[in-house]
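This report refers to the structure that appears directly beneath it.
Because the structure is a prediction, the values reported are computed rather than measured. To find a chain, count down the sequence lines: A is the first, B the second, and so on, and within it residues start at 1.
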Number of protein chains: 2
Amino acid sequence: MKHCFQLHDRLWVSAGSRMRERSCNGGGGASRNSVIVLRVVPNVLTPFMKRHQVTIIDIARQLNLSKSTVSRALTGHASVKEETRQAVLTLARALDYQRNMLAINLSSSQSKTIGIIVPEFVTSFFPVVIMGAQEIADQAGYTVLICQSNESYETEVANARAMLANRVDGVLVSLTRETRNFDHLAVFQRKAIPLVFFNRICYDIDVPKVVVDDYEGAFKATEHLIQVGKRRIAHLAGPMSLYISRKRLEGYKDALRKHNLPIIDDLIISYDLNLDRAKIYVNYLLDLPEPPDALFAVNDPTALEALKIIKAQGLSVPDQIAVVGFSNDYGSSLIEPGLTTIAQPTRDIGRVAAQLLLEQIDSETTSWKPITRVLKTELIVRGSTVKP
Amino acid sequence: MKHCFQLHDRLWVSAGSRMRERSCNGGGGASRNSVIVLRVVPNVLTPFMKRHQVTIIDIARQLNLSKSTVSRALTGHASVKEETRQAVLTLARALDYQRNMLAINLSSSQSKTIGIIVPEFVTSFFPVVIMGAQEIADQAGYTVLICQSNESYETEVANARAMLANRVDGVLVSLTRETRNFDHLAVFQRKAIPLVFFNRICYDIDVPKVVVDDYEGAFKATEHLIQVGKRRIAHLAGPMSLYISRKRLEGYKDALRKHNLPIIDDLIISYDLNLDRAKIYVNYLLDLPEPPDALFAVNDPTALEALKIIKAQGLSVPDQIAVVGFSNDYGSSLIEPGLTTIAQPTRDIGRVAAQLLLEQIDSETTSWKPITRVLKTELIVRGSTVKP
DNA sequence: CTGTTAGCGCCTTCAG
DNA sequence: CTGAAGGCGCTAACAG
């Protein structure tokens with residue numbers, strides 16, 4: 001109920017800087033007409049006149065009501081005479097009145113806002129996650145505050161602060177590739193502000209997490225390569241500080257073990273996800289005396305980059321070298337040959353994470369449980385591993 | 001100065017829902033020690049105890065100071081004894097005190113937030129614009145509130161409302177493909193809240209705009225096709241409600257005119273940017289008795305889609321049909337052959353738009369000028385028009 | 001049904 | 001240098 005209302009009847013009052021001002025008023029007295037009159041009134045309270053958004057007081061004065069009544073009418077309180085409610089609503093519309101969430105939030109001590117901190121949003125993965133989260137948040141009447149850390153720890157810390165300062169009711173976080181210290185996030189826990197990790201999670205903080213089964217995904221990816229006949233499978237892994245990198249590495253190794261293939265350290269490279277470096281490592285692998293006949297990359301951008309280099313070198317894909325990525329990003333169906341990859345239920349990740357967060361927001365702190373929700377992945381086979 | 005401060009010293013207080021509570025206090029009396037003590041105190045003011053974030057009052061009590069002094073110390077006011085300032089700062093840190101922007105914004109009547117409304121952010125264009133805008137906003141100490149309309153007019157209206165309700169100090173807007181009514185945006189003007197359009201602009205509202213030279217870009221694209229020998233050039237245009245679609249169409253036509261080529265109506269299709277429809281139209285074009293020998297698409301996603309279909313039909317690119325897009329999206333260098341396209345200074349669009357917005361925010365309403373900043377485009381030639 | 005009072009957390013005069 | 005008081009806009013008791 002309330003949520004619906006908030007979505008549609010939101011009014012706003014944003015205030016301004018130092019600008020001249022047009023203030024509306026109803027001249028105390030007898031004015032009870034429904035014709036709206038705007039008069040220029042000096043704002044005696046401040047030395048500099050400032051922009052003034054219409055408030056419930058403006059409405060109250062013009063209608064000769066108390067602000068409480070106006071407030072009640074606006075919030076859809078039952079105990080307001082239909083007639084006055086209409087009067088208020090009409091005038092409010094005429095004046096372009098918008099509720100001031102700043103004030104509402106301050107007095108209600110909650111912002112009806114959830115924050116999302118992502119490392120980047122240029123590849124399609126995070127935007128889609130965000131859309132999923134937004135979908136759920138919207139339904140519940142929450143606004144979403146998005147911050148991207150630009151893969152920088154510093155920025156992530158600043159973002160966390162901004163979230164705190166803006167009093168978000170909860171936060172969804174996916175770490176940057178360089179985050180190793182989690183104090184800035186532990187704060188949320190200490191302050192009992194719901195926090196949910198997704199994708200790039202951290203196990204040092206005991207809160208709900210939403211991930212895909214990275215281990216199994218990597219396992220499937222690797223096994224697929226083995227099944228198409230590959231034996232020297234390289235793995236371009238992410239930084240070991242990221243849990244998902246470790247899991248994917250494990251899956252990769254276990255798949256090799258299961259099929260009695262050796263784990264060759266030279267074919268395993270952990271890197272910081274900076275694509276410029278990826279190039280270097282791919283070239284290194286290709287130049288090996290005994291180059292790999294397949295590459296499993298920690299994510300699609302990396303795999304795509306590798307594929308480009310491999311093609312540029314004139315190697316045949318998948319014959320000489322096959323490639324598998326992880327995520328099923330936008331580009332993987334565009335490149336040629338298409339990139340075989342592990343699809344994640346991206347939008348669901350956002351949905352589930354938001355759901356978990358809202359559940360926490362709506363419940364007693366004491367009942368919070370650090371559930372980890374593991375979503376399923378799916379192998380998408382394309383030309384980079386199997387000829388059409 | 002102040003901006004830097006805001007960025008780094010932002011504190012937060014978000015408040016909670018109905019949860020048990022831990023409140024800190026300094027027991028009025030003699031406690032002036034610097035050892036921080038947290039005591040559980042019942043919150044007598046509310047029937048249900050609620051989560052309580054530490055406020056300047058908590059600090060004031062523990063230090064036996066007035067909240068004014070604490071406030072001054074925290075804001076870096078000169079007139080505070082160095083000693084007390086230190087005490088305050090230290091305790092604040094120890095308590096994890098975070099300023100409550102909600103309160104600050106309310107009393108200062110400005111939110112230090114700028115809103116950005118984009119139609120979508122799954123293709124790489126808008127995310128990059130946003131990053132550019134964020135870069136400028138950050139420098140100026142502004143937070144960015146991002147809303148995406150999902151190409152839906154309804155959602156755009158709701159987003160505009162949300163911006164108003166949250167009292168953003170200004171808004172950056174790029175329209176959805178279906179927006180034809182602009183009342184929801186005119187409100188900003190009426191309320192004297194700075195508004196800047198970018199990319200998908202609207203000329204009905206007299207505010208600053210940031211665009212690329214769509215006309216010239218389209219002209220260059222078309223002329224390029226002519227120069228590589230194409231004569232029957234089709235144009236898959238965007239909806240005519242969008243200014244940029246009209247401009248691109250114009251550029252296309254004028255290029256044909258300049259080179260004395262006929263403008264063939266059958267080869268010009270305006271569509272709603274829904275990629276599913278793009279497929280239909282591309283097929284229609286290819287099935288024409290006299291099919292085009294080139295296609296200029298209104299944007300890269302459309303061109304990419306066309307390229308896929310063309311390839312699937314086994315036509316040779318660029319010999320039988322050449323393709324040009326617009327934007328230089330992420331995917332255009334991935335697809336094979338690479339997509340020739342008109343590159344936009346995407347990040348700059350965001351930067352410039354944010355700059356324009358901040359300028360308006362910082363100036364008198366009366367001095368606002370509806371400047372239109374036109375940025376340059378660049379033709380990027382790839383395999384879709386010229387053989388490597 | 002409606003008016004009055006108080007308070008959300010902070011900053012900003014106005015007085016010491 | 002510091003304290004007291006008032007107000008930002010709104011909602012929530014508490015009286016009529």
Original post:
Would you say the base of dT4(C) and the side-chain of S68(A) have a donor-acceptor pair closer than 3.5 Å?
Top reply: yes
Original post:
Is H77(B) reaching over with its side chain to a backbone N or O of L74(B), donor-acceptor style, under 3.5 angstrom?
Top reply: no
Original post:
Taking L95(B) as the fixed residue, which of T55(B), T90(B), I59(B) is the one that meets the side-chain contact (heavy atoms from CB on, under 4.5 Å) rule?
Top reply: I59(B)
Original post:
To the nearest Å, how far apart are L106(A) CG and dG9(D) P?
Top reply: 12 Å
**OP:** With DNA chain D as reference, determine whether K81(B) or A103(B) sits nearer its 5' end, using the nearest nucleotide of each.
**Re:** K81(B)
Subject >> Below 4.0 Å: OP1/OP2 of dG3(D) and any side-chain N or O of T69(B) >> reply: yes
**OP:** Looking only at side-chain atoms of Y97(A), point me to the closest of dC10(C), dC10(D), dA4(D).
**Re:** dC10(D)
Subject >> Integer-rounded Å distance: dG3(D) C1' and I56(B) CD1 >> reply: 13 Å
Subject >> salt bridge (charged side-chain N to carboxylate O under 4.0 Å, His left out) against E154(B), all qualifying residues, sequence neighbours excluded >> reply: none
Original post:
Under 4.0 Å: is that the gap between some side-chain N or O of T75(A) and OP1 or OP2 of dC10(D)?
Top reply: no
**OP:** Say whether, by atom type as modelled, one donor and one acceptor occur between the side chain of T69(B) and the main chain of L65(B) under 3.5 angstrom.
**Re:** no
**OP:** From the options dG7(D), dC8(C), dG3(D), select the nucleotide whose nearest atom is closest to the side chain of S107(B).
**Re:** dG7(D)
Subject >> Protein-nucleotide distance (L63(A), atom CG; dT2(C), atom P), rounded to Å >> reply: 11 Å
Subject >> Length of the line joining N64(A):CG and dC1(C):C1', which is rounded to integer Å >> reply: 16 Å
**OP:** Output all residues satisfying salt bridge (charged side-chain N to carboxylate O under 4.0 Å, His left out) with R72(A), sequence neighbours left out; order by chain, then residue number.
**Re:** none
Original post:
What integer distance in Å separates I104(B):CD1 from dC8(C):C1'?
Top reply: 14 Å
Subject >> T55(B) side-chain proximity, nearest of dC8(D), dT2(D), dG9(C) >> reply: dG9(C)
Original post:
Okay, side chain of D169(B), backbone of K112(B): is any donor-acceptor separation there less than 3.5 Å?
Top reply: yes
**OP:** Would you kindly give the CZ-to-C1' distance between R72(A) and dG3(C), to the nearest whole Å?
**Re:** 8 Å
Subject >> For atom CG of L102(B) and atom C1' of dG9(D), their distance in whole Å >> reply: 12 Å
Original post:
Is N159(A) reaching over with its side chain to a backbone N or O of I117(A), donor-acceptor style, under 3.5 angstrom?
Top reply: no
Original post:
Starting at the 5' end of DNA chain C, which residue's closest nucleotide do you reach first, E82(A) or K67(A)?
Top reply: E82(A)
Subject >> Closest to the S66(A) side chain, choosing from dC10(C), dT4(C), dC8(C) >> reply: dT4(C)
Original post:
For the helix from dC1(C)-dG16(D) to dG16(C)-dC1(D), what is the angle between the axes at its two ends, each from 5 pairs, rounded to 10°?
Top reply: 50°
Original post:
What is the distance from CD1 of I57(B) to P of dC10(C), rounded to the nearest Å?
Top reply: 8 Å
